Amino acid sequence: MDVTYTTQAEDMVDAICKRHYGHTTAGIVEKVLSSNPGLSGQGPLLPAGISIVLPDIGAPKSSPQIKSTVNLWD
């Protein structure tokens with residue numbers, strides 16, 4: 001089911017996608033932009049009060065790979 005999100009000042013589409021979907025892989029940002037004609041014309045920092053449709057994209061085809069890191073200095 002699609003979800004409608006109302007932007008806050010200086011929201012960014014990729015950050016909204018990261019918060020909502022948990023990642024930005026698999027063309028999610030592009031799907032959100034295609035579901036919201038004219039959104040890309042707003043610029044990278046969105047003004048407050050814009051309603052954005054976040055489409056239901058289903059489960060990701062593959063989970064994003066999480067790489068562990070090594071701390072060289074404790």
Side-chain angles (χ1 to χ4, degrees):
M1 170 179 269
D2 293 348
V3 173
T4 301
Y5 172 80
T6 303
T7 60
Q8 298 176 9
E10 299 188 2
D11 265 345
M12 294 174 38
V13 175
D14 58 340
I16 294 168
C17 292
K18 176 74 174 171
R19 283 193 307 267
H20 181 74
Y21 298 109
H23 58 89
T24 57
T25 59
I28 289 174
V29 173
E30 290 79 4
K31 289 176 186 175
V32 170
L33 289 174
S34 69
S35 295
N36 296 278
L39 183 61
S40 62
Q42 294 290 328
L45 297 175
L46 302 172
I50 297 176
S51 292
I52 297 176
V53 174
L54 300 172
D56 182 13
I57 59 163
K61 293 183 175 140
S62 62
S63 301
Q65 300 249 342
I66 298 174
K67 296 181 181 180
S68 61
T69 57
V70 176
N71 187 3
L72 298 177
W73 298 273
D74 290 326

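Scope of the values below: all heavy atoms of this structure, side chains included, with no hydrogens, waters or symmetry mates. Because the structure is predicted, anything quoted here is derived from the model rather than measured.
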Exercise for the section: Mark yes or no for whether Asp2, through its side chain, and Val53, through its backbone, hold a donor-acceptor pair below 3.5 Å. Expected result: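 No, the answer is negative, given that no donor and acceptor are paired below the 3.5 Å cut-off.
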Show me the donor-acceptor pairs, under 3.5 Å and distance only, between side chains in residues 37-52 and residues at least two apart or in other chains.
none

How would you list all residue pairs meeting salt bridge (Lys or Arg N to Asp or Glu O under 4.0 Å) that involve [range], not counting sequence neighbours?
| range | result |
| --- | --- |
| residues 5-15 | Asp11-Arg19 |
| residues 32-43 | none |
| residues 32-46 | none |

Nearest-0.5 Å distance that lies between atom [atom1] in [X] and atom [atom2] in [Y]:
| X | Y | atom1 | atom2 | answer |
| --- | --- | --- | --- | --- |
| Cys17 | Leu54 | SG | CG | 6.5 Å |
| Ile57 | Tyr21 | CD1 | OH | 5.5 Å |
| Leu33 | Ile28 | CG | CD1 | 12.0 Å |
| Gln8 | Ile16 | CD | CD1 | 8.5 Å |

